[in-house]
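Everything on this sheet refers to the single structure shown next.
Keep in mind that this is a model prediction, so the values were computed, not measured.
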Amino acid sequence: MSARAPEALVLGIETSCDDTSVAVLQDGVTLRSHLIAAQDVHKLYGGIVPELASRAHLELLPRMVEGALAEAGVTPADITAIAVTNAPGLVGSLVVGVAFAKAYGAALGIPVIGVNHIEAHLHSATLEHGEPPYPSVALIVSGGHTELVEVRAFGEYHWLGATLDDAAGEAYDKVAKRLGLGFPGGPILDKLAASGRADAFAFPRPMLDKPGCDFSFSGLKTAVGTALKPHGLPPYPDSLVADIAASFQAAVVETLVGKSMRALAKVGAKALSLGGGVACNRALRAALAAECERRGVALRIPSPRLCADNAGMIALVGARRLARGERSGADLDAAASLEASGLNLG
Ligand code: KG4
Ligand code: ZN
């Protein structure tokens with residue numbers, strides 16, 4: 001066992017979905033290196049193919065660990081602990097990271113800690129913005145999740161709302177597919193929306209008229225399908241695609257912003273942290289910035305590479321837990337669902 005504190009130099013590993021990422025985090029705050037490899041193979045299939053994702057993690061991970069250590073200028077013997085995503089996510093992808101972390105940790109004789117992917121997203125803004133004032137609210141918007149969470153302190157959470165069906169990113173991906181565009185759809189529609197008319201189609205603002213902080217995006221996706229029906233199948237004229245993109249995005253953004261403001265008011269929070277790939281969306285960032293400024297709320301949006309899946313946020317949460325004396329045992333395992341992941345969101 002290293003004589004240094006376990007949280008001193010944490011190797012973070014993230015393989016929960018289709019990004020392989022490795023980070024070296026010093027003293028819980030400084031990223032010495034941070035590698036993220038997006039798996040382009042899924043673009044060919046218009047969506048994530050789980051078997052291909054786990055195979056790619058298997059091929060990439062050992063090389064990326066070597067690369068991250070080299071970039072940080074450290075040797076394996078310098079690492080004081082390993083933090084690895086163990087839930088939730090694609091189980092075949094998660095097990096690659098977990099098995100690697102356990103074997104590497106055992107070989108080096110250092111502690112390993114399993115980190116919840118959603119908890120890590122809640123704190124990813126902290127890597128750049130420092131600790132938020134508590135209570136704060138976090139909006140996690142990705143391909144698999146749309147959650148509003150009250151963060152009362154590190155490790156103390158209260159769930160305010162979530163999607164009842166599709167996640168926000170999933171809605172972007174499905175609408176892009178329906179328009180005959182590529183994958184992932186979010187960045188493509190974000191770009192196209194800039195040249196379209198946001199009021200061309202009156203798409204619903206799902207659940208905005210209902211109390212509470214839950215979301216629902218599947219009806220919006222259906223509304224897009226209905227609007228496209230008279231136009232047949234893709235390819236569509238550029239102007240139609242741009243108008244659909246702009247109108248769809250306006251509905252998503254208005255809904256996310258409306259519910260986030262409701263959550264802030266409910267909690268009396270003075271800070272809103274964002275996480276997840278959809279937090280890269282330019283319209284969402286701009287709308288949240290305007291609303292938060294009006295309310296005197298600090299908006300904490302990570303830079304795009306820290307919004308998406310990354311090992312930096314895993315190392316951050318791992319370091320905090322290690323500092324509290326927490327460790328995972330040899331029975332650390334991958335869990336696919338949030339419910340099975342053990343994260344207590346109150
Ligand atoms: O967090 P992430 O990288 O992976 C997980 O799903 O965990 O998020 C990916 C999702 C995809 O659905 C993608 O379409 C969406 O984030 N996304 C965006 C943008 N960039 C990525 N959605 C809207 N606007 C964007 N600029
Ligand atoms: Zn994620």
Side-chain angles (χ1 to χ4, degrees), residues 6 10-23 25 34-39 41-42 47-65 68 79 81-108 110-124 140 142-145 147 149 155 157 159 162 167 169-170 275-277 308-322 326-345:
V10 174
L11 178 71
I13 296 176
E14 155 66 35
T15 65
S16 70
C17 193
D18 63 333
D19 295 306
T20 316
S21 180
V22 180
L25 185 75
H34 196 192
L35 306 183
I36 304 171
Q39 301 174 359
V41 60
H42 306 285
I48 296 163
V49 184
E51 292 77 10
L52 295 179
S54 52
R55 193 181 305 172
H57 287 308
L58 206 54
E59 284 167 9
L60 289 166
L61 190 55
R63 279 188 276 149
M64 287 179 65
V65 168
I79 297 296
I82 302 173
V84 61
T85 314
N86 75 306
L90 299 171
V91 77
S93 288
L94 288 165
V95 293
V96 175
V98 170
F100 183 96
K102 281 163 75 169
Y104 207 62
L108 294 172
I110 56 175
V112 174
I113 185 145
V115 171
N116 187 290
H117 182 85
I118 297 303
E119 184 179 19
H121 273 305
L122 295 178
H123 298 288
S124 60
I140 309 302
S142 72
H145 294 275
E147 332 268 349
V149 178
Y157 312 113
W159 206 336
E170 190 179 0
D309 291 347
N310 70 86
M313 64 182 188
I314 304 302
L316 172 96
V317 169
R320 296 289 295 262
R321 294 203 168 277
L322 287 158
E326 293 179 34
R327 308 279 183 276
S328 295
D331 59 347
L332 176 67
D333 214 349
S337 72
L338 186 56
E339 292 69 34
S341 76
L343 180 68
N344 184 2
L345 286 176

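Contact record, Leu94 with Ala335: CD1-O, 3.4 Å, taken as the closest heavy-atom pair. When all heavy atoms of Ala81 and Leu322 are compared, the closest pair comes out as CB-CD1, 3.5 Å. The heavy-atom pair separating Leu25 from Ala319 by the smallest distance is CD2-CB, 4.3 Å. Considering every non-hydrogen atom in both Cys17 and Leu90, the closest pair reads CA-CD1, 4.1 Å. Scanning all heavy atoms of the two residues, the minimum distance from Ala37 to Leu60 falls at CB-CD1, 4.2 Å. Minimum interatomic distance between Gly114 and Ser328 (heavy atoms only, all atoms of both residues): N-OG, 2.8 Å.
Using modelled atom types, no side-chain atom of Ser124 and backbone atom of Gly275 make a donor-acceptor pair closer than 3.5 Å. A donor-acceptor distance shorter than 3.5 angstrom exists from the side chain of His42 to the backbone of Val49, with no hydrogens or angles considered. Between the side chain of Thr15 and the main chain of Ser93, a donor-acceptor pair closer than 3.5 Å is present. Put simply, the side chain of Lys102 never gets that close to the backbone of Val112: no donor and acceptor are under 3.5 Å apart. Checking side-chain atoms of His34 against main-chain N and O of Gly312 turns up a donor-acceptor pair under 3.5 Å. For the pair Ser21 (side chain) and Asn310 (backbone), a donor-acceptor distance under 3.5 Å is absent. A donor-acceptor pair under 3.5 Å is absent between the side-chain atoms of Thr85 and the main chain of Val115, judged by distance alone. Of the possible polar contacts, none joining the Asp333 side chain to the Asp331 backbone as a donor-acceptor pair under 3.5 Å is found.
In this structure the side chain of Glu147 reaches within 4.5 angstrom of the side chain of Leu338, judged on heavy atoms. By the 4.5 Å heavy-atom criterion applied to side chains, His121 and Asp309 are counted as neighbours. Residues Pro88 and Ile118 are in side-chain contact: their nearest non-hydrogen atoms beyond the backbone lie under 4.5 Å apart. No side-chain heavy atom of His123 sits less than 4.5 Å from a side-chain heavy atom of Met313. Between Ile13 and Ile314, the closest side-chain pair of non-hydrogen atoms is not below 4.5 Å.
Atom CZ of Phe100 sits about 11.0 Å away from atom CE of Met64, to the nearest 0.5 Å. The CD1 atom of Ile110 sits 6.5 Å away from atom CD1 of Ile79, with the distance rounded to the nearest 0.5 Å. For the atom pair CG of Asp19 and CG of Leu35, the computed distance is 12.5 Å after rounding to the nearest 0.5 Å.
A side chain to side chain donor-acceptor pair (under 3.5 Å) with Thr20 holds for exactly one of Glu14, His57, Arg63; it is His57.
Salt bridge present: Arg321 and Glu119 bring a charged side-chain N and a carboxylate O closer than 4.0 Å.
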Checklist entry - Given the rule in the side-chain contact (heavy atoms from CB on, under 4.5 Å) test, do Leu11 and Tyr104 qualify, once you have shown the distances and angles that lead to the verdict? => result CA-CA 10 Å; Leu11 178 71; Tyr104 207 62; 3.9 Å; yes
Next on the checklist: The test is side-chain contact (heavy atoms from CB on, under 4.5 Å); show your working for Val10 and Ile113 and say whether it passes.
Outcome noted: CA-CA 10 Å; Val10 174; Ile113 185 145; over 6 Å; no
